[in-house]
Structures are given as C-alpha cells and as structure tokens.
Visitor: 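Before we start, here is the structure in question, set down as structure tokens.
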Amino acid sequence: MSLFLAPTTGETLRAFHQQLMQWFDEHGRHDLPWKPQDHYTPAQNIYHIWLSEIMLQQTQVATVIPYFFNFIEQFPTINALADAEIERVLKAWEGLGYYARARNLHQGAQYVRDQFNGEIPCDFAAIESIKGIGRTTAAAIMSQGFNRPFAILDGNVKRVMARVTGAMHPEKQLEKVLLPFAYMMSSQARPNDYTQAVMDFGATVCTKQPKCTTCFWQARCITLQQQQVAMIPAKKIKAVKKDLELFPIIVENQRGELLFHQRTTETIWHNLYEFPHLSSHLLDIEEMMPNVTVIESISLPRFKHVLTHINFHIEPLWIKVTTDDPSITLNGQCYAFTPRAIYETYAKTKPTNDLLDAIHG
DNA sequence: AACTCGGGGCG
DNA sequence: CGCCCAGAGTT
C-alpha cells in the first residue's frame with residue numbers, strides 16, 4: 001500500500017519547479033559568500049563551494065559564514081590547504097564541531113592536489129571519491145559548481161519534496177522514495193539555480209513550522225490541503241543518549257602555565273587539545289602528583305556539555321601549585337605545563353575553552 | 001541498517 | 001529542554 005497522500009504527476013512537479021524558480025529570482029538568497037564570483041578563478045569558486053558544503057553539513061548558514069571567510073583567507077586555494085599543517089586546519093575549525101570534517105577536508109585537498117593537479121574535476125564519481133564527500137555533497141558541487149543536473153537530497157530538499165509529493169514514509173525509506181522526484185526536478189532548466197532555490201525555499205518558507213500563508217504553492221500543496229504539515233516529513237526516531245561524568249583537572253603552576261595535552265583517542269574530539277581529566281573525583285592530590293606543592297584547590301561550578309549522543313556532566317577542579325618540574329605524570333600519563341600563548345594557538349574542545357574562559361575571566 | 005560524530009539556535 | 005541543521009564514515 002502506498003504511503004503517499006496522493007499520486008504526484010509530472011505536470012505537478014513541472015509546475016512546482018516553474019513557480020519555485022520565479023520565487024527564487026525574487027526571494028532567494030543571492031548573497032551567500034560561496035556563490036561564484038568573477039574575481040576568483042573558476043577553480044577557486046569550485047573550491048569555495050566544496051568548502052561551504054562541508055561546513056554546512058549539519059550546520060546552519062549563519063554559523064558557517066564567519067568560519068568560511070576566515071578559512072578561505074588562511075587557505076585561499078586547494079593546494080594551500082593541502083600544504084597546510086593539520087593543526088592550523090583544526091584551529092580554523094575550532095568551535096564548528098564534527099571535526100572529522102576538517103580532517104577529511106584536509107586529506108581531500110591533498111588527494112585533489114596529488115590526483116587532480118589541485119583542481120576538482122567535473123566528474124561525479126571522481127568528486128565522490130574525495131574523502132568527506134558523499135552523494136549529497138558531490139551532487140551539490142556538480143550542480144552548483146558545474147551547472148550539471150544532479151539531485152541533492154539534504155534535509156531541506158527532503159522536507160520540501162516530502163510535502164510536495166505527500167510522502168509519509170519513515171526516515172529510512174524517504175530518501176529512496178524521493179530520489180526519482182529530486183532527479184526529475186534537477187534535470188530541468190538552470191540546475192545550479194534550482195539547487196540553490198529548493199534549499200532556500202526549504203530554509204526560509206517550507207521550514208519545520210512552514211510559512212504556508214506566504215507560499216506560492218499553498219493552493220496545490222497536497223500536504224497542506226490534507227492538514228498533514230506537522231506529520232510530513234515523518235519524525236526521526238530519537239537516539240538514546242548516554243550520560244557520562246567528566247572530571248577535568250586544571251593544574252596551574254606559579255608561572256600561570258597549565259597542564260595540557262593532545263587527545264589521541266580514535267573516537268571523540270580526535271587530535272584536539274584538552275586538560276587532563278579523571279573518570280572520578282580526585283581524592284588525594286598529593287598522592288597523584290608527588291612533586292608539587294598545592295597552593296590552592298578550587299572546585300569550579302559543574303556544567304553540562306551536550307553532544308549528539310552523549311550528555312557530559314563536567315565537574316572541574318582548578319589546582320594552583322608550585323613545582324620545578326616542566327611536566328607531571330598523572331594516571332601514568334605525562335602532561336606538560338604549557339604557556340598561555342602556546343595553548344591558545346591550538347584547537348581545543350568546547351568544554352576546554354569554556355574552562356579557559358572560566359579561569360581567565 | 002544502525003551507530004558515531006559537535007555545537008549553536010530556536011520555540 | 002528537545003529538536004534540527006546544505007551528512008558522511010564506519011561497522
């Protein structure tokens with residue numbers, strides 16, 4: 001049995017496309033900074049679209065814009081990015097989240113430098129072979145960068161297409177069901193503008209709580225007519241979150257240097273910097289750090305840090321000590337005292353930055 | 001197919 | 001406080 005509210009005809013999709021493009025010309029976002037510009041080379045414009053697509057994964061436009069400007073200033077070309085140190089790339093990404101994106105982007109730039117002479121080719125399969133680029137981002141580069149008819153199905157497009165077609169399918173089936181419709185839409189006129197148009201429409205009109213009274217399609221929207229707007233697209237099944245406690249220890253010596261180290265775990269916050277932390281409360285300071293004299297021990301307020309799948313409950317301890325040692329062994333691991341000017345140049349986790357604000361503010 | 005990866009904004 | 005945002009890699 002069909003999960004569509006009603007069958008969708010080709011005429012319906014063509015009419016929607018026509019009106020969408022008219023809407024875009026008048027109301028679309030035409031000033032996004034990664035839009036191709038004449039004072040950049042064609043290769044740079046493609047690079048900008050690539051970069052923006054990566055930054056925009058699960059991240060809103062307003063958040064991305066300042067990061068984008070900073071990034072292209074530091075890394076103006078793909079080859080410049082490829083030749084840069086990963087530490088600099090992560091620093092430019094600091095606070096944006098999903099740090100695997102930065103590592104994949106850096107690896108991708110080296111791949112493009114070595115395999116494609118520093119220029120992204122107009123080849124969907126080749127683009128998709130670049131680290132960090134999946135079907136959606138590859139299609140976005142093909143359509144927006146090269147003006148080729150490739151369909152994207154990101155969150156915005158899925159929401160728009162689900163409502164236009166009245167697809168009630170659950171999240172997993174939805175993408176497969178909508179892909180043929182998405183391709184049909186993209187294969188009409190102005191592929192690059194269409195891609196931007198449908199995303200702008202999804203981001204500004206056909207939102208989660210859509211502005212149907214201003215919508216050009218309200219008279220023909222099957223989802224609106226049958227009052228299913230709140231039900232389409234179907235909600236995602238919420239993942240169960242874990243609660244984890246974290247006990248960071250901020251050890252500050254008489255010169256104001258802090259114990260600081262780079263994460264090496266393969267899981268979260270890979271390659272980023274943080275304070276040493278324990279999995280339980282620090283019981284005996286003198287026992288854990290024999291060669292230091294504790295001047296002051298301050299419990300900072302506990303706070304929460306939320307990730308997609310983890311709630312961190314953080315109970316920080318700030319210990320001011322005197323010692324002649326340049327490093328401290330804690331739980332069998334060696335941590336070095338680091339001057340403020342140094343650690344501020346490295347990309348840190350969000351809780352670490354919050355703690356730095358707390359002790360310096 | 002399910003799970004993992006951040007952080008910000010908004011109602 | 002819950003949900004979503006221009007998703008992709010791993011298992």
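All values below were derived from every heavy atom in this structure, side-chain atoms included, with hydrogens, water molecules and symmetry-related copies excluded. Protein chains get the first letters and strands the later ones, always in sequence-line order, with residue 1 at the start of each.
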Visitor: Send over the distance from A:Lys241 NZ to B:dG7 P, rounded to a whole Å.
Guide: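 Distance, rounded to whole Å: 12 Å.
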Visitor: Answer yes if the ring centres of A:Phe275 and A:His261 are under 6.0 angstrom apart, and no otherwise.
Guide: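 Centroid distance A:Phe275-A:His261: not below 6.0 Å, so no.
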Visitor: Could you pick out which residue, A:Lys348 or A:Lys172, lies toward the 5' side of DNA chain B when each is mapped onto its nearest nucleotide?
Guide: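 Final value for this comparison: A:Lys172.
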Visitor: Identify whether any heavy atom of A:His270 sits under 4.0 Å from a base atom; if not, whether one sits that close to sugar-phosphate; answer base, sugar-phosphate or nothing.
Guide: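 Result for A:His270 = nothing.
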Visitor: So, OP1 or OP2 of B:dT4: does either fall under 4.0 Å of a side-chain N or O from A:His309?
Guide: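 Result: no.
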Visitor: With a 4.0 Å limit, can you tell me whether A:Trp269 has a side-chain N or O closer than that to the phosphate oxygens OP1/OP2 of B:dG7?
Guide: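 For B:dG7, OP1 or OP2 has a side-chain N or O of A:Trp269 closer than 4.0 Å.
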Visitor: Taking the P atom in each of B:dC3 and C:dA6, what is the distance between them to the nearest angstrom?
Guide: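 Approximately 24 Å lies between the P atom of B:dC3 and that of C:dA6.
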Visitor: Do the side chains of A:Val61 and A:Arg29 get nearer than 4.5 Å, heavy atoms only?
Guide: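 When only atoms from C-beta onward are counted, A:Val61 and A:Arg29 do touch, with a gap below 4.5 Å.
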Visitor: What nucleic acid atoms does A:Thr267 come within less than 4.0 Å of, heavy atoms only: base, sugar-phosphate, or nothing?
Guide: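 Sugar-phosphate, backbone atoms only, no base.
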Visitor: Which whole number of Å gives the distance between the P atom of C:dA8 and that of B:dG8?
Guide: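 That atom pair is separated by 22 Å.
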Visitor: Taking the C1' atom in each of B:dC5 and C:dC4, what is the distance between them to the nearest angstrom?
Guide: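 Result for the C1' pair: 16 Å, nearest Å.
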Visitor: Could you check how far NZ of A:Lys242 sits from C1' of B:dC5, rounded to whole Å?
Guide: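 Value for this atom pair: 13 Å.
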Visitor: What does the B/S/- profile of nucleotides 1-11 of chain C look like, 5' to 3', with a 4.0 Å heavy-atom cutoff to protein?
Guide: S--SBBBSSS-
Visitor: Using atom NZ of A:Lys350 as one end and atom C1' of B:dG9 as the other, report the distance to the nearest whole Å.
Guide: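 Those two atoms, NZ and C1', are 13 Å apart.
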Visitor: Side-chain atoms of residues 225-235 of chain A: list all donor-acceptor pairs with protein atoms under 3.5 Å, sequence neighbours left out, distances to 0.1 Å.
Guide:
from: A:Gln225; atom 1: NE2; to: A:Gln218; atom 2: O; distance (Å): 2.7
from: A:Gln225; atom 1: NE2; to: A:Ala219; atom 2: O; distance (Å): 3.4
from: A:Gln228; atom 1: NE2; to: A:Gln226; atom 2: O; distance (Å): 3.2

Visitor: Compute the ring centroids of A:Phe201 and A:His27, then answer whether they are less than 6.0 Å apart.
Guide: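 No, the ring of A:Phe201 stays outside the 6.0 Å limit from the ring of A:His27, centre to centre.
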